[in-house]
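Okay, structure first, notes after.
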Amino acid sequence: MTPILSDLNDQQREAVTTVQGPVMVIAGPGSGKTRVLSYRIAHLIGMGVPAWNILALTFTNKAANEMKDRITRLVGAKSASLWMGTFHSLFARLLRVECEALGFGRNFSIYDSQDSLSLIKRIMNGSGIPLLSFNPAAIRSRISGAKNQLVSPGEFARAASDIFEEKASLVYERYQVSLKRNNAMDFDDLLLHPIALLSGHRKLLAKYQDRFRFILVDEYQDTNRAQYELVKLLGARDRNVCVVGDDAQSIYAFRGADIQNILDFERDYPDARVVRLEQNYRSTKSILAAADQIIKNNLGQIPKDLWTENAPGEPIRIVECEDDRREAAAVVSLIVEECRRSKGNFSEVAVMYRTNAQSRSLEEALRREGIPYVIVGGVEFYQRKEIKDLLAYLRVLINGADDESFLRIINYPPRGLGEAAISRLAAFSSAEQISLLAAAARAGEVAGLSKAAQGGLEWLSGLFRKYGELRSGMSLSELVRSMTDEIGILPLLKEEGTPEAMGRWENVQELLSAISEFGAEGRGSLEDFLQQVSLVSDIDEWDDTHNAVTLLTLHSAKGLEFPVVFITGMEEGLLPFYSSPVDRNEIEEERRLYYVGITRAMRALYLTFARVRYRFGDPSAQTASRFLGEIDPSITERIYRSGYRMTTSLRMSGTRRPALQERIDPEPEFYPDPPGPDPPGDAEGSPLRAGALVEHEMFGRGRVIGIAGKGDSTKAVVEFHSVGRKNLLLRYARLRII
DNA sequence: ATTAGGCGATTTTTT
DNA sequence: ATCGCCTAAT
């Protein structure tokens, strides 16, 4: 037996070595799924299969990167040409090469849901559909749903059964036309267009079937119809399709994932070998038992018998609190207790919740106690207005047909181009069948423009012409910085002078350094950068090397594990979440989500709920979640925490809790150094570390909560007394340590 | 053309 | 409670 195979159990080994033909691996939580996938790929490469014949589709970029690293450790540089990543990023890559066959330019833009929503609103406005009677977001989600199910605009129109669907179908049709005219694709198109390409062009299909002779799909239970079709198309010839998943962990039905894909795999591939990974290496017996008791309440699953050799461990703690603030306080005091008892690091702890809005009270409580934390998700960096504005300039530079991005920046910074000027320009561009940018270049011919408007348009078109020409002769960094200077966004923000504007200024700086870094490391062109930016998520950037508690939604917890897990807000209406009458399928999906959360825990699990929770600013009485009752009381322990006293009594000093400003020196044992090499913030010799008190020339005094990144992009999260929490780029922020 | 202030919706979850 | 959008005022 090769050394690779000796560290696998029998089932894992079977999953790794069955390389020919269809294979379905049903992988319970913590059963070594990632290991199996990476070993399987390493094994294939070891057998002499060239890495470029392997296509590995994962759910997040993070998972892909981790597996790639693992494979490289096993087989070395041979893995370099492996295609491994998310469906969206890999098929975007394929489209860059092949999209001309569909009439797209290779420089197409990728629209995120914000972009696509604003396009939809514009179409509705132009079609006389009142935004007030028809919620654009609902229309967008209906369209996206149709696209996920591979329903074309024509089919959608025929099936439309009420006024809403009729309007939606009209918008859908025009939306696809506009995207094409803008040379743009939304997330759904990144899957739909490849299907059209492969099913419509025999030669292309053959080319890629030749290329991808071995296909692996991770998290198969969360694939949608389009992803299913892609796998089917590409795998049709060699049938070396290996899917890995767990029906019990399917949590993305709301965005079109179809659990039927995994349930029907054996129907699609009757000769499929089915392997079950049932030994859990992650959790204690009680945690696994709780998970098992819960999921049994769902009907119609693939049967599984999960077991573990791990210790029984401690009971599941169910914590009842009076309200959400106290819930947060209780979580914090329990975190402190846990870390003290196990001499553990804060990074061992994750706090999970159903909705992003719940993070707020937790953040406040953590801040109050000076405990460092990182938050995954929420408002993402690349979604911020100032970032999207600058990116829109870059998108227009790359893709002059991108009217949506052009409109975003046409009058930002303000240059006298208001509604009237824009509609005149739009009329001209549609009469001439050219893009808005091309129309701007001929501003003189547009009827009825003011002098100022004409000047503004000429300036804009000149800007893009100039940098379009300069582009090839400049480095990425030079290009973007010089263009940003010319646009004048930074001085504009600086003038504003408010702390918010200052924060935005820093964000723009951060974007610029990110681009420079991308260029300097030779990771690709501006097009590549823009594409990457559209397709990364917050969880991809997360890492556990900081000594900080992780806050995240149950959804983003998928695929991760933590020694200590808190699931908060265990209340009817929140978990399970519902706003309208309860449907069995929805409750089951909520239960799976709950199951995912529970099975992230290795050593300790806390489930907390509040009797009163502030929702929409008003207190509402809550009842404990039905899910709590699904765990056998013999493995649970109930704790009541009614006040804030806990933390105080745990502190060594029984004295009054000092105000934040006075607490210069946090109790050192709560800040153990992270294991291994120097913490990232110290890499450059910066003495800054979590817990330090600092002064900023604009924001005044504050405390460092965490440090992230390295080199020029080292960032610090600082809690200021005056303005609250800020994300600062050390390079610009000139923090003085007090 | 730009800004300020008021109103309304918004809270699932995300590639 | 907060954000974004719309209207009215400058």
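Convention: sequence-line order gives letters A, B, ...; per-chain numbering from 1. Values reported hereafter were calculated over all heavy atoms of this structure, with side chains retained and with hydrogens, waters and symmetry mates removed.
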Whole angstrom value for the distance that separates [atom2] of [N] from [atom1] of [X]:
X      : N      : atom1 : atom2 : answer
A:I587 : B:dT13 : CD1   : P     : 17 Å
A:E589 : B:dT14 : CD    : C1'   : 12 Å
A:N61  : B:dT15 : CG    : P     : 9 Å
A:Q454 : B:dA1  : CD    : P     : 14 Å
A:E219 : B:dT13 : CD    : C1'   : 15 Å
A:I251 : B:dT13 : CD1   : P     : 13 Å
A:D115 : B:dT15 : CG    : P     : 15 Å

Would you call A:K33 and A:D246 a salt bridge, taking side-chain N to carboxylate O under 4.0 Å as the test? no
Please determine if A:K62 and A:E66 form a salt bridge, counting it only when a charged side-chain N lies under 4.0 Å from a carboxylate O. yes
[X] has a side chain; which of [options] sits nearest to it?
X      : options                : value
A:S113 : B:dT15, B:dT14, B:dT11 : B:dT15
A:P414 : B:dT14, B:dT2, B:dT15  : B:dT2
A:N135 : B:dT10, B:dT11, B:dT13 : B:dT10
A:T86  : B:dT2, B:dT10, B:dT15  : B:dT15

Regarding [X], tell me which of base, sugar-phosphate or nothing describes its non-hydrogen contacts under 4.0 Å with the strands shown.
X      : result
A:L417 : sugar-phosphate
A:D112 : nothing
A:N411 : sugar-phosphate
A:Y252 : sugar-phosphate
A:K558 : nothing

Say whether A:D186 and A:Y175, considering side chains only, have a donor N or O and an acceptor N or O under 3.5 Å apart. yes
Taking atom types as modelled, find out whether A:S361 and A:E364 have a side-chain donor-acceptor pair closer than 3.5 angstrom. no
Check salt bridge (charged side-chain N to carboxylate O under 4.0 Å, His left out) between A:R613 and all other residues, then give those that pass, not counting sequence neighbours. A:E327, A:E571
Does a nitrogen or oxygen in the side chain of A:N224 sit under 4.0 Å from OP1 or OP2 of B:dT15? no
Given B:dT15, is OP1 or OP2 found less than 4.0 Å from the side-chain N or O atoms of A:T60? no
Which residue lies toward the 5' end of DNA chain B, A:E419 or A:F577, if each is placed at its nearest nucleotide? A:E419
On DNA chain B, nearest-nucleotide positions of A:H555 versus A:R415: which is more 5'? A:R415
Going by centres under 5.5 angstrom and planes under 30 degrees, do the aromatic ring of A:F87 and the base ring of B:dT15 stack? no
Considering the options A:I259, A:L57, A:V243, A:V244, which one meets the side chain to side chain contact (heavy atoms under 4.5 Å, CB included) requirement together with A:Y220? A:V243
Heavy-atom count check: over 12 atoms from other residues, nucleotides or ligands less than 6.0 Å from A:F134 CZ? yes
Identify, with sequence neighbours excluded, every residue that meets side chain to side chain contact (heavy atoms under 4.5 Å, CB included) alongside A:R122. A:L119, A:E404, A:L407
Students should find this one: the first and last nucleotides of DNA chain C, 5' to 3', lying under 4.0 Å from a heavy atom of chain A. What are they? C:dA1 to C:dC5
